[in-house]
Protein chains: 2
Amino acid sequence: MNTDPIKRSLEAGGLRCTPQRYAVMAFLREHEGHPTAAEIFEAVNRRCYSGKDPRSSRATTYNNLRDLVEAGLVREVAVEGRAARFDAKGLRNHHFICDRCGKVEDVEWYDVPRPRSGSLGKRVLRECELIFRGLCAKCAARRSS
Amino acid sequence: MNTDPIKRSLEAGGLRCTPQRYAVMAFLREHEGHPTAAEIFEAVNRRCYSGKDPRSSRATTYNNLRDLVEAGLVREVAVEGRAARFDAKGLRNHHFICDRCGKVEDVEWYDVPRPRSGSLGKRVLRECELIFRGLCAKCAARRSS
DNA sequence: GTGTCAAATTAGACATAATCTAATTTATTG
DNA sequence: CAATAAATTAGATTATGTCTAATTTGACAC
Ligand SMILES: [Mn+2]
Ligand SMILES: [Mn+2]
Ligand SMILES: [Zn+2]
Ligand SMILES: [Zn+2]
């Protein structure tokens, strides 16, 4: 019993498994992209991800995203002047953010050298990510034509 | 004539030198931190940075920040769930963002390896930044006490 | 200096993204 | 099942950023 990986990951993160929370995780795991909170909210209220009723209020969608980020199950990517985007933390990857359309795409992971010791002082480093900026393939094509 | 470095940088970026725009640049260059648009707006309306009247509307502050970012004179740092922060692009540096208080701090620059060719596909790379996350010195001290 | 005009500024309305509140419901444990 | 802390909810509220249309101005030509 309890073979459902989503349920297990929620419990491991100290979070109750509710239909609303389950639906957020299920949606993020089924979608390679990086949806916004608004997109997740809409999707969860459109389709059934949990077997039970997945309807969820806006506040709950935001609450759950916050809780999931705190539990380390979801990553939040801030994009200038636009709504934050989310992904289920699966394989590690870097991110490419399009200047023009704001889309967030995964870039194959590779190790990044840490700053030389002393350069961080008394700060406590948790993670280190690389952000690439420029034009996504679609916007680059549109630009050059 | 025209020895003022701010004035020269604005002209180099194809932007007129207005008191409001000058004041934004002057404030950013005098402040090592990474202020938000709201902080810049307030500061510019409090102190005199240009010799002339630096009063600026909120719209103008945002317009100028956008123009300065486009001209490559200012960098914008997006922070999850918080207002964007800005710095005058001077020496290159990486950024450390505090999980707890959202403060953005500079980290000494060092070269970062590019992704292996092919990994970016048809995307057009403009820049590449390294973001460190964790607790700033102040928040780390507060946490452990 | 004066005239010209695209660029910039402005106040305030508007839009969007995210959070808060307080009442209600529910998942989990015993 | 009962108890209860956690989660959900609708809707108000706050925070951040953008837009509009009227006005002013910086840069340049003369
Ligand atoms: Mn991703
Ligand atoms: Mn900086
Ligand atoms: Zn794009
Ligand atoms: Zn901090």
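Chain identifiers are assigned alphabetically (A, B, ...) following the order of the sequence lines, protein sequences preceding nucleic acid strands; residue numbering begins at 1 within each chain.
Taking 3.5 Å as the limit, the base of dG11(D) and the side chain of R58(A) contain no donor-acceptor pair of atoms between them. Within 3.5 Å, a donor on the side chain of R16(B) pairs with an acceptor on the base of dA6(C), or the reverse.
Between R123(B) and E105(A) there is a salt bridge, since a side-chain N of the basic residue sits under 4.0 Å from a carboxylate O of the acidic one. In this structure, E70(B) does not pair ionically with R66(B), as no charged nitrogen and carboxylate oxygen lie closer than 4.0 Å.
Dashed line: the shortest gap from a side-chain N or O of T18(B) to OP1 or OP2 of dT9(C) is under 4.0 Å. Between dG17(D) and Y62(B), a contact under 4.0 Å exists linking OP1 or OP2 to a side-chain N or O.
Minimum atom distance to the side chain of R21(A) is reached by dA7(D), of the listed dA10(D), dT9(C), dA7(D). Out of dT18(D), dT19(C), dT9(D), the shortest distance to the side chain of S57(A) is found at dT9(D). Among the nucleotides dG17(D), dT10(C), dA7(D), the one closest to any side-chain atom of S56(B) is dT10(C). If you check dT8(D), dA8(C), dA7(D) against the side chain of L15(B), the one that comes closest is dA8(C).
Side-chain atoms of N93(B) come within 3.5 Å of backbone N or O of L91(B) as a donor-acceptor pair.
Following rounding to the nearest Å, N63(A) (CG) and dA5(D) (P) show an atom-to-atom distance of 19 Å. The OH atom of Y22(A) sits 15 Å away from the P atom of dT8(D) (whole-angstrom rounding).
Counting non-hydrogen atoms under 4.0 angstrom, A84(A) reaches the backbone sugars and phosphates but no base. Using a 4.0 Å heavy-atom criterion, one finds that A83(B) contacts the sugar-phosphate atoms exclusively. Among the protein residues, D67(A) comes within range of no part of the nucleic acid, since none of its heavy atoms lies under 4.0 Å from any strand.
Between T36(B) and C17(B), the residue whose closest nucleotide on DNA chain D is further toward the 5' end is T36(B).
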Contacts under 3.5 angstrom, residues 127-139 of chain A side chains, donor-acceptor by atom type, not counting sequence neighbours:
residue: E129(A); atom: OE2; partner: R133(B); partner atom: NE; Å: 2.9
residue: E129(A); atom: OE2; partner: R133(B); partner atom: NH2; Å: 3.1
residue: R133(A); atom: NE; partner: E129(B); partner atom: OE2; Å: 2.8
residue: R133(A); atom: NH1; partner: E80(A); partner atom: OE1; Å: 3.1
residue: R133(A); atom: NH1; partner: E80(A); partner atom: OE2; Å: 3.0
residue: R133(A); atom: NH2; partner: E80(A); partner atom: OE2; Å: 2.9
residue: R133(A); atom: NH2; partner: E129(B); partner atom: OE2; Å: 3.0

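A donor atom on one side chain and an acceptor atom on the other are found under 3.5 Å apart for D106(A) and H95(A).
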